[in-house]
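These values consider heavy atoms only, across backbone and side chains, with no hydrogens, waters or symmetry-generated copies. Nothing here was measured: the structure is a model prediction, and the numbers come from that model.
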There are 2 protein chains.
Amino acid sequence: MAISERKKKILAAVVDAYIRTAEPVGSKAIAESAGLGCSSATIRNELAELVAMGYLEQPHTSAGRVPTPMGYRMYVNELMDQQRLSIEESEDLNRRLNQKLQELDDTISDVSRLASQLTDYPAMALTTREAVTIVRFDLIYVDANTFIIVVMLSDHTVRNKLVRLPISVDEKMIRKLSTLFNANFTHIGEDAITPVLINSTERSADDTMGITAVISSFVIEVLSSSAAPSAFVSGENRLLNQPEFRDPDKAHRLMSYLSGGGHILPEGGLFPDSNEVRVLIGPENVAEELKDSSVVIASYDAGDNTRGLIGVVGPTRMDYSAVAAKLRFLADGLSRRLGGGEAPPEGMHNKLIIKGDTNNE
Amino acid sequence: MAISERKKKILAAVVDAYIRTAEPVGSKAIAESAGLGCSSATIRNELAELVAMGYLEQPHTSAGRVPTPMGYRMYVNELMDQQRLSIEESEDLNRRLNQKLQELDDTISDVSRLASQLTDYPAMALTTREAVTIVRFDLIYVDANTFIIVVMLSDHTVRNKLVRLPISVDEKMIRKLSTLFNANFTHIGEDAITPVLINSTERSADDTMGITAVISSFVIEVLSSSAAPSAFVSGENRLLNQPEFRDPDKAHRLMSYLSGGGHILPEGGLFPDSNEVRVLIGPENVAEELKDSSVVIASYDAGDNTRGLIGVVGPTRMDYSAVAAKLRFLADGLSRRLGGGEAPPEGMHNKLIIKGDTNNE
DNA sequence: GTTGGCACTCTCCCTTTACGAGTGCTAATA
DNA sequence: TATTAGCACTCGTAAAGGGAGAGTGCCAAC
């Protein structure tokens, strides 16, 4: 059955009111607020039909209406006025973002904290990197027992480690090792670092003291930790702001889930395109713990084959419009700062494109 | 008035039972549990006196007794059996600790996470460092637009930064700058880095492209971030396990306080000595938000003029004995791994020394 | 198709009641 | 003098009752 224009308006009014008040919405309130010139009785008829169509439900017979996940979905896809940030807001955001400019690895926790502060919901941030390789190797001789390993990675980050040896090495040996590692260990993946390679390098260097092994294990550590996606969740406690989480058990369940950050990853398959904000409403979420919460995610381009994701978790009664706008802004800002060239110019407000699972209706 | 032996036993029994059950303790329960051969009526008389003395209180006339902060204090100082960890527990702890061996800066979050997991309370970890200086400077030339700054600090950590320039530099310039910075910027504090120094270095290097400024600002960033104590709180959500935080508002208040981590610092003044675990009970805490919670803290020696602190927050009805033992173990383990030489040998169980504000009675 | 009216059905909140755990006191006992 | 048994009393909690109010569904009129 097609949904009439008036039904849409009424549905939107219900969702809007429910988002604001967290209480079932009655026909009278709608008649007064939404500017369609008809009485509460008419609204009641329409509401009954919206319930029959599955967009709304009643907690019990004589209560007002509450949107179903399907109702929210309709609202998100078609009805909500796609909120833009005001000039002041976006300036404020820009300022805060500019303060955070550091390496991406520091930023990921900041990003999630920022998203959480901004939206007043718990937020998570994560990045997945494509496999990196080492592009450059330097060993810095400090003293007879100490040297520093510095490696530059294909994603233009730099890692270092201070090595202290129980025995003495001379500067020549360090230089030799540096040359060898530059020749043998750059531009290869973690799986190419075999015992065979390590042994042959050790022999070439005349290294009888196991220095090669130390350096090799650092290489492996760097390559494997860079490949692993990192996640960060913050502001879990903001859940308690929401009336639907006044039940400590419910709140606790979700918070524990969120604290265990990594679990969000499996859903990483559905990375939204840049410029798109994805909304997952209640049962649309894969994770059992999220079945009655909603998640809004946006992704950003962190440059060098790295994509980042920022997400916000809240009750299904979430201010989708505001949250989506803020996330979009944040993601854009991050893309612009961290990412490749083709990011949109500073200050431009992108048209918001919001998508989600539309195939379940 | 002096407190008799029997009163002590009864008080201990009340605290023990209350820690276990979170419910006011009645005379009958004590008569049965504590092995002193007397009836509940006798216990009642004693209880009445303990109330008069301020060690216990009654929520209302016909309820059991609950320890007051003063009661807990007595318990912690004199009564509780100072729990040792079982062999299995300490082996498990050792294993987990060994896995976490990395740089201190990575570890601080791990430490707090570990402490939280271990105790099932929210935990925080923080370190204060003495001012560090740079002891060694290296600039690595990568290509005409790129070089890497590597600095080694007096605390034996190494920091690096990749610098990309809009203009070209040659290798000679980089070498010159490296020498100059090594000469002028090592072994000095942040406040010694004045515009005058930067300008003179810039002139000496014939640097017309502002590279000196870039490097200088990195130096300042490193020195200031190393001086700033860093804090980390985790497991806030475990608060919700405790029945006293079933009230979402109460839980939220404390959790927000904890999330804002830094606030704990002002109390840093009371760093416990190593080998001592400090317990702060309810009103003994300075922070308003902690007035009806308890904090257990231990400190460890992280080497190089750095002291770390691990703390656990919970309701006043906290299992002080178990928590103190675990924190002591953790702190010892960390001192041994990170710290100076005179740490106790591996595997030894230290005598627990527990102290606190005893001057308020 | 829309509206006013009205009986009906819920939940929410307040009060009442009953119950039981635990006390305080007193008088008896060792 | 310290301990104990007994008993009346207190108070909080949980279950049960009882409006009040918000909101519905339906019907008959427009």
Inset, instruction - Report yes if at least one side-chain N or O of T42(A) is closer than 4.0 Å to OP1 or OP2 of dT3(C); otherwise report no. - result: yes
Inset, instruction - Please report the shortest heavy-atom distance between P67(A) and L56(A), naming the atom on each side. - result: CA-CD2, 3.7 Å
Inset, instruction - Send over the distance from R65(A) CZ to dT11(C) P, rounded to a whole Å. - result: 15 Å
Legend entry - Below 4.0 Å: OP1/OP2 of dC10(C) and any side-chain N or O of T61(A): yes
Inset, instruction - Have a look at A41(A) and say if it touches a base, only the backbone sugar-phosphate, or nothing, with a 4.0 Å heavy-atom cut-off. - result: base
Legend entry - Under-4.0 Å side-chain N/O to phosphate OP1/OP2 contact, S62(A) with dC10(C): no
Legend entry - Distance in angstrom units between H60(B) NE2 and dG12(D) P, rounded: 5 Å
Inset, instruction - Establish, with yes or no, whether the OP1 or OP2 oxygen of dT24(D) is under 4.0 angstrom from a side-chain nitrogen or oxygen of S27(A). - result: yes
Legend entry - Rounded distance (Å) that lies between atom P of dG22(C) and atom OH of Y18(B): 14 Å
Inset, instruction - Let me know the distance between CD of Q58(B) and C1' of dG24(C), rounded to the nearest Å. - result: 10 Å
Legend entry - Nucleotide dG24(C), atom P - distance to CG of N45(B) in whole Å: 9 Å
Inset, instruction - Could you state the atom-to-atom distance from NZ of K28(B) to P of dA21(C) in whole Å? - result: 8 Å
Inset, instruction - Indicate whether OP1 or OP2 belonging to dT4(D) is found under 4.0 Å from a side-chain N or O atom of R44(B). - result: no
Legend entry - Length of the line joining I30(B):CD1 and dT4(D):P, which is rounded to integer Å: 14 Å
Legend entry - Spacing of L47(A) atom CG relative to dT24(D) atom P, expressed in whole Å: 7 Å
Inset, instruction - Could you verify whether a donor N or O on one side chain and an acceptor N or O on the other, from N241(B) and Y121(B), lie under 3.5 Å apart? - result: no
Inset, instruction - Taking atom types as modelled, find out whether S234(A) and S116(A) have a side-chain donor-acceptor pair closer than 3.5 angstrom. - result: no
Legend entry - Donor-acceptor contact below 3.5 Å, side chain N285(A) vs main chain A287(A): no
Legend entry - Ionic contact status for R246(B) with D249(A), cut-off 4.0 Å: yes
